[in-house]
Protein chains: 2
Amino acid sequence: MTTERNPENTRMKILGAAFQEIHKHGYQGMRVDNVLKNTNLKKGALYHHFAGKQALGYAVLEELIQPRIAELWIDPLNDFGNPLEGIHALFEGLDAVWSDESFILGCPLNNLAQEMSPIDEGFRERIEKFFQYWKASIAEALKTGQEKGIVDISINTDDCAIFILSSIEGALGMTKNHQDKEIYYSCGKELKRYLNTLRA
Amino acid sequence: MTTERNPENTRMKILGAAFQEIHKHGYQGMRVDNVLKNTNLKKGALYHHFAGKQALGYAVLEELIQPRIAELWIDPLNDFGNPLEGIHALFEGLDAVWSDESFILGCPLNNLAQEMSPIDEGFRERIEKFFQYWKASIAEALKTGQEKGIVDISINTDDCAIFILSSIEGALGMTKNHQDKEIYYSCGKELKRYLNTLRA
DNA sequence: CTTACAACAAACCAACTGGTCTGTTTGATA
DNA sequence: TATCAAACAGACCAGTTGGTTTGTTGTAAG
């Protein structure tokens with residue numbers, strides 16, 4: 001018989017179930033009892049691995065959400081010779097890696113940002129730092145593009161990076177509300193138009 | 001002595017207090033008891049004027065939030081000869097009409113959209129319809145601009161309108177998380193760059 | 001083998017939450 | 001001024017919620 005106890009495994013099971021709950025209902029809407037129900041575990045397990053609901057929420061953010069976004073949006077930025085084409089490719093590429101349900105539930109990072117920023121400084125700070133890291137990565141890619149002579153030398157890469165980030169999150173948010181990916185496609189087309197204005 | 005009872009007045013007092021609670025804590029985070037506490041009214045009053053928490057939430061959306069946004073963003077669209085300059089002026093003008101706290105609490109319409117779209121079809125439908133109305137108004141302004149020869153005839157006004165809307169909401173959302181209006185200013189500059197690409 | 005702690009299960013709890021119920025007061029109307 | 005429905009107040013309630021406590025079991029080290 002294989003090991004019946006696997007602490008790291010049970011911890012991840014709780015984290016995964018909590019992520020799904022948060023993704024759909026938000027952090028405040030997530031119910032500890034529901035998380036447990038979806039894992040066949042009991043309170044003893046959860047409160048052994050996590051100090052409380054808040055600690056669980058922070059763990060979901062730092063151990064699941066942020067790494068996943070880094071993997072999808074930030075790390076690949078360097079793989080593109082042209083950052084402008086790269087950013088657009090990443091946006092369009094989301095269609096292939098995100099399920100239909102994900103488009104309906106929205107970006108888990110921005111969901112938490114909008115919900116928690118005014119009421120929990122711990123969430124807000126963590127999310128802000130990550131957004132800044134994301135923004136800096138985009139700005140860095142744009143600067144590299146400038147050095148290559150691909151990107152207009154006169155643009156403010158910080159301004160552009162924030163606008164790109166905002167527009168991506170805004171587009172995903174609008175798609176979430178409309179539950180219609182045509183919104184997402186339209187925004188992709190116009191994002192491309194904007195990116196083209198940054199060419200050298 | 002003036003009238004001690006004023007049903008319409010107490011109803012509005014409840015609506016206003018509920019709006020503030022929702023604006024800060026979200027609909028799920030709003031507590032009926034807190035709303036009452038901020039009005040010096042009791043349960044009897046609230047449940048006389050509203051069927052329940054959900055009905056109160058819908059009323060806040062339809063009677064306070066949507067009219068206010070129409071007033072700030074949609075109605076003025078026709079006042080500008082050039083829609084591209086008009087949209088940018090509206091974005092920049094928000095600085096004068098929104099308090100610092102509002103920038104921290106974010107756009108109340110988009111807040112509800114992000115929180116409630118996956119879990120309450122009543123909220124989602126109402127918000128979607130309003131966003132569509134908003135988008136249609138922008139598209140209409142762009143079309144008028146095309147007829148005037150101000151706006152590029154080759155653009156898809158629907159695509160552009162959705163992107164503009166998404167970018168505005170995205171920018172306000174990012175500002176909310178960062179609690180820093182510099183984000184908002186940066187996005188304003190780049191929104192202008194995008195709008196310029198739509199010129200004839 | 002036994003010891004000792006990590007890894008859980010299960011019952012329990014106090015505070016909270018939306019909502020109801022009953023009763024009282026106001027004020028327009030006949 | 002008698003009437004009566006609207007407009008509330010205030011006590012009450014059942015279900016929920018995050019969290020605690022106590023007890024049990026697996027399992028790796030000595």
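Residue numbers start from 1 in every chain, and the chains themselves are labelled A, B, ... in the order their sequence lines are given, proteins ahead of strands.
A donor-acceptor contact under 3.5 angstrom links the side chains of B:Asp95 and B:Tyr185, judged on distance only. Counted by atom type alone, A:Asn196 and A:Arg199 present one or more donor-acceptor pairs between their side chains at under 3.5 Å.
Put simply, A:Thr10 has a side-chain N or O that comes within less than 4.0 Å of OP1 or OP2 on C:dC8. Between D:dG18 and A:Arg31, a contact under 4.0 Å exists linking OP1 or OP2 to a side-chain N or O. A sub-4.0 Å separation between OP1 or OP2 of C:dC8 and a side-chain N or O of A:His49 is present. The phosphate of D:dC8 (OP1 or OP2) has no side-chain N or O of B:His48 nearer than 4.0 angstrom.
Taken from CG in B:Asp158 to NZ in B:Lys143, the straight-line distance is 5.5 Å, to the nearest 0.5 Å.
Atom pair A:Phe50:CZ and D:dG18:P shows a separation of 15 Å (rounding to whole Å applied). The interatomic distance linking B:Leu46 (CG) with C:dG18 (P) rounds to 10 Å, in whole Å. The CD-P distance, from A:Glu8 to C:dA6, rounds to 15 Å in whole Å. A:Leu36 places its CG atom 12 Å from the C1' atom of D:dT17, with the value rounded to the nearest Å. For the pair B:Lys42 NZ and C:dT25 C1', the computed distance is 16 Å after rounding to whole Å. Per the geometry, CZ belonging to B:Arg11 stands 16 Å off P belonging to D:dA6, to the nearest Å. Remark: P of D:dT17 and NZ of A:Lys53 are 9 Å apart, rounded to the nearest angstrom. Atom CD in B:Gln28 sits roughly 16 Å away from atom C1' in C:dC16 (whole-Å rounding).
Judged by the 6.0 Å distance and 45° axis criteria, B:Lys53 is not positioned over the aromatic ring of B:Tyr58.
Using the six-membered ring where Trp is involved, B:Phe163 and A:Phe163 have ring planes that are perpendicular, over 60° apart on the 30 and 60° scheme.
The side chain of B:Lys43 lies closest to C:dG19 when the candidates are D:dG26, C:dG19, D:dT20. The nucleotide whose nearest atom lies closest to any side-chain atom of A:Tyr47 is, among D:dT27, C:dT26, D:dT20, D:dT20. The nucleotide whose nearest atom lies closest to any side-chain atom of B:Arg5 is, among C:dG18, C:dT26, C:dA10, C:dT26. Comparing D:dG19, C:dC8, C:dG27 against the side chain of A:Pro7 picks out C:dC8 as the nearest. Listed nucleotides D:dG18, D:dC8, C:dG19 differ in distance to A:Val32; the shortest reach to its side chain belongs to D:dG18.
Looking at which nucleotide of DNA chain D each of A:Asp33 and A:Gly44 is closest to, the 5′-most match is held by A:Asp33.
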